[in-house]
Undergrad: 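A single structure is presented below for examination.
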Amino acid sequence: MKNFKKAISLILTLVLMITLVGCSKKTDSSDTENSSSEVSNAPTSAATDDSEAASETKNLYGYDTPVKIKIGVAMASDFSYAADETANDNVWMDLYRANNIDPEILFEVDSSQGATKMATAILSGDYPDIIGEQPSEVAKYAADGTTADITDAYNEYASDQLKEYLNSDGGLALESCKVNGRLYALPQMVNGYDSVMLMFIRQDWLDNLGLSMPTTMDELKTVAHAFTFDDPDGNGVADTYGLALDGVDVFASMGGVQAVFEGYGAPMGATAPTFVKGEDGKLAWGGTFAPQMKAGLQLLQDMYKDGSLAKDFITMDGNSIFEESSAGRCGIWFGPMWAGMTAASALLKTVPASHITSAKVPDGLGAGTGKAYFSSSPSTYCGVSSKCANPEVLIKLMNLSVQKLCYPESPEEFVKYYGEAGKYSGWKTSLTYTLAPLKNYDNYKKESAALLSGDTSGLNTEQLGDYTNMKAFLDGKDKADFNPEDAAVQAGVALYTVFGDLEGGYGALDKLITNKLITPSAYNSLPTDLMAEKTPTLNKLAAETIIKIITGESVDSYDDFLQNWKSLGGDDITAEAQAWADANQ
Amino acid sequence: MNTKKVKWKKNNLVFHLMLLIPVIILFIYSYLPMFGIVMSFEKFSPNLGFLKSKWVGLDNFKTLLLLPDTFPAVRNTLIIAIIKIIGNLIVPIVFALMLNEVKVKWFKKTVQTITYLPYFLSWVILGGILIKFLSPGSAASAPGFFNNILVALHIIKEPIYFLGDNNYFRGTMIISDIWKGFGFNTIVYLAALTGIDPSLYEAAAVDGAGRWRQTWNITLPGIAPFIALMTILSIGSVLNAGFDQIFNLYSPAVYESGDIIDTLVYRLGLINQQYSLSAAVGLLKSIVSLILVLTGYKLADKYAGYKVF
């Protein structure tokens, strides 16, 4: 009987979830009964802000009586709560509750499961009030009524600070949240630099073998080969290899295969298809640049054959690459500016001399040809559930978040909400991530300069905190009583790979920015319906083809794939992207 | 006669009451949700629900046929499921017969316990273990346990990437699934074997029948109804190639040989949120399964004279 039931289990499961909707609706209304007074005259203590003239008439930051909201928590596997904080008990939750916004955790999952969990929750009808959305979901959730129209709430409750924050790019991102002229979500203003793919490498291995940082793909191949066969860690055992890639998710931020093709001038994006301007000035998906793609595939195929690309990368996902690099098995991996942090902290405990540096992805077609792909549209949006009785709560949460993170009253306040190693878990525990867009770049410039000069006068509190931690690591590592397990040292060595080291993550980005070695995305709007529908199929096909070719299939089979890609909807979505570009010259 | 009948009825009432609970559960979880089939004819959106979602007729089925993933998924499902069904029938029967011949009790019990232990591990856990065990190793780490043994025994020269090679993936899925389940399935047949009248064996021995004869003419016919029952029940799962197992072990490299209907439905339905499309796949699957179960049932009745109900 078990087997027979299984035969129809999926459809049954889907349906079952929906039948539960009826029950959950009732509880919703009782949760939010006591929220009748949205407008109040008395701002709560934590929300007092003299500069806000409007706050005298209405509370922009909270409520007079407690209002419950449902939330989902999805944290990455490399995140851990500081001190005794938990998902339900941290400075952000305290802040929300002080303002009578009472978050109730509906689910808590690993971030790799976050999107699926949210989709399942939405399908079941009982889903969080605050919804983090992918670009492809904004229009869809607006159309099917999952998220609420927040146009009026925004106009009524958005603080001046929030408006300034959201318009920091001239209002482009905010405009992209509108469906039929109505606002359904708010963008998280990130800067595209933070997600540019870079190469991370074990500098100590390079030094041991007398090699220099690879700048072309041919050099990368040589270095990876040496890392695999020439015992770079000098322990006499063949326990290392050159390159690790993500063979499970394929297009990913940590270890994403697309980084290699960016080096060859064929940006595919982490969520393909991504459009750039081709040689003819028309929009094209980077993957359609066949000669460049094939050159990259040939390189990876060769590296896989001789073992300098991990033989078992097919079953490695992003988390495995954190493990591989932390265990000192792999010497080169790709990722955004933060991709060296976890490994640096872990390696310090086992290999004190380890040093992780970063550079742009090596050039595939000769020195000086490669450019990094840079996406200028937000990758995450925040919407509020249409079932939430107080949709303006999203605006209030954003007001609070912007106030604490972008316009803090005092340095102490900022550190409390931004996070401090071993003390506060920080901004990741807030419900809306509103970091100042160019903050990281600014931090790099100030912090790395301060480390060189020793002059800390120009640093703000956060930068001073980073500086102190990095100093704890840099000054401490040569001393006899050095404790690599110390929280400040652990944070310091991780931050050093991003903000301190001139050869670190942001150091590499700085060089890209100053030398203008950047290919911007050419399609900067939400995915159209057709794109949302076709992309998963095309993506899967591309991932499958690329992995197959790397593991041995003929490189020429990429041409067949491209034919398929075009006929399966690739041409249609390219035309739609082109139409957008023509209309938004 | 009369009292006997009343007694039988009373007993029956208790049994029916006991049956009531599972029937209610089955009704709630398996019959009520069937109305959801309507999803596959709609452009379903969670917030509009069944009643308000747009009716699109057979559009979802049309899309499905045009989807490049559909054919390979159906093919893989059939190949993997059919071999699994055959293996899951034969291996436990043979193992039960062999175990039945073992006269040392503690040995029999120990073997039984060890072989049915894997049944209790979920595929999530077993998946993690298998990835390590079947790893071909890299330049930095030695091959997994299983590859090491095969190389040491000179069965293979080079470690094999069981989970990354399209030539081996299906076989790995089938064998690991049989390995996981055969200990448990054996119990069913062992139970059936105890039901055979020992005097039959004694009579056969007197007539001069050897072990093989006894097995062929007494044991197998004795458990034939159970074999028929198990076969019919498993035919219904001919389109189930084992989602839990494959989902935890596959990757883009082996989509070609390992992507099955259920993993396709998962990706369509839960990852890409194309609910109607995945409901359509589910409906097609249920219909085919139903037809197969009914055919199997009729065939068993016709050729083996066996009826479940």
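In the text below, chain A, chain B and the rest are named by the order of the sequence lines, each starting its count at 1.
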Undergrad: Is a side-chain donor-acceptor pair under 3.5 Å present for Thr535(A) with Asn539(A)?
TA: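 No, no side-chain donor-acceptor contact under 3.5 Å.
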Undergrad: Heavy-atom cut-off 4.5 Å, strictly under: side chain, backbone, both or neither for Ile314(A) against chain B?
TA: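 Interface part for Ile314(A): both.
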Undergrad: Can a donor-acceptor pair be found between the side chains of Asp144(A) and Thr146(A) at a distance below 3.5 Å?
TA: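 The answer is yes; a qualifying pair exists.
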Undergrad: Between Glu324(A) and chain B, which part of the residue has a heavy atom less than 4.5 Å away: side chain, backbone, both or neither?
TA: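 No part of Glu324(A) comes within 4.5 Å of chain B.
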Undergrad: Of all of Ser53(B), Pro68(B), Gly164(B), which one pairs up most often with chain A through heavy atoms under 4.5 Å apart?
TA: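 Of Ser53(B), Pro68(B), Gly164(B), Pro68(B) has the most heavy-atom pairs under 4.5 Å with chain A.
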Undergrad: Measuring heavy-atom distances to chain A, does Leu268(B) have an atom under 4.5 Å in its side chain, in its backbone, in both, or in neither?
TA: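 For Leu268(B), neither part sits under 4.5 Å from chain A.
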Undergrad: With a 4.5 angstrom heavy-atom cut-off, which part of Asn166(B) approaches chain A: side chain, backbone, both or neither?
TA: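 Just the side chain, heavy atoms under 4.5 Å.
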Undergrad: Answer with side chain, backbone, both or neither: which region of Thr537(A) has an atom nearer than 4.5 Å to a non-hydrogen atom of chain B?
TA: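 Side chain only.
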Undergrad: Counting only N and O atoms by type, is there a donor-acceptor contact under 3.5 Å from the side chain of Asp239(A) to the main-chain atoms of Arg329(A)?
TA: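 No: the side chain of Asp239(A) does not pair with the backbone of Arg329(A).
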Undergrad: Quick check on Tyr141(A) against chain B: is it the side chain, the backbone, both or neither that has a heavy atom closer than 4.5 Å?
TA: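 Contact with chain B is through the side chain of Tyr141(A) alone.
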Undergrad: Suppose we call two aromatic rings close when their centres sit under 6.0 Å apart. Are Phe133(B) and Phe145(B) close by that rule?
TA: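 Between Phe145(B) and Phe133(B), which both carry aromatic rings, the centre distance is below 6.0 Å.
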Undergrad: With only heavy atoms counted, which part of Ser308(A) is less than 4.5 Å from chain B, the side chain, the backbone, both or neither?
TA: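 Neither; nothing under 4.5 Å.
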Undergrad: Against the six-membered ring of Tyr255(B), is Arg267(B) placed for a cation-pi contact (under 6.0 Å from the centre, within 45° of the normal)?
TA: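 Yes, Arg267(B) and Tyr255(B) form such a contact.
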Undergrad: For the residue pair Tyr119(B) and Phe182(B), is the inter-centroid distance of their aromatic rings smaller than 6.0 Å?
TA: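 No, too far apart.
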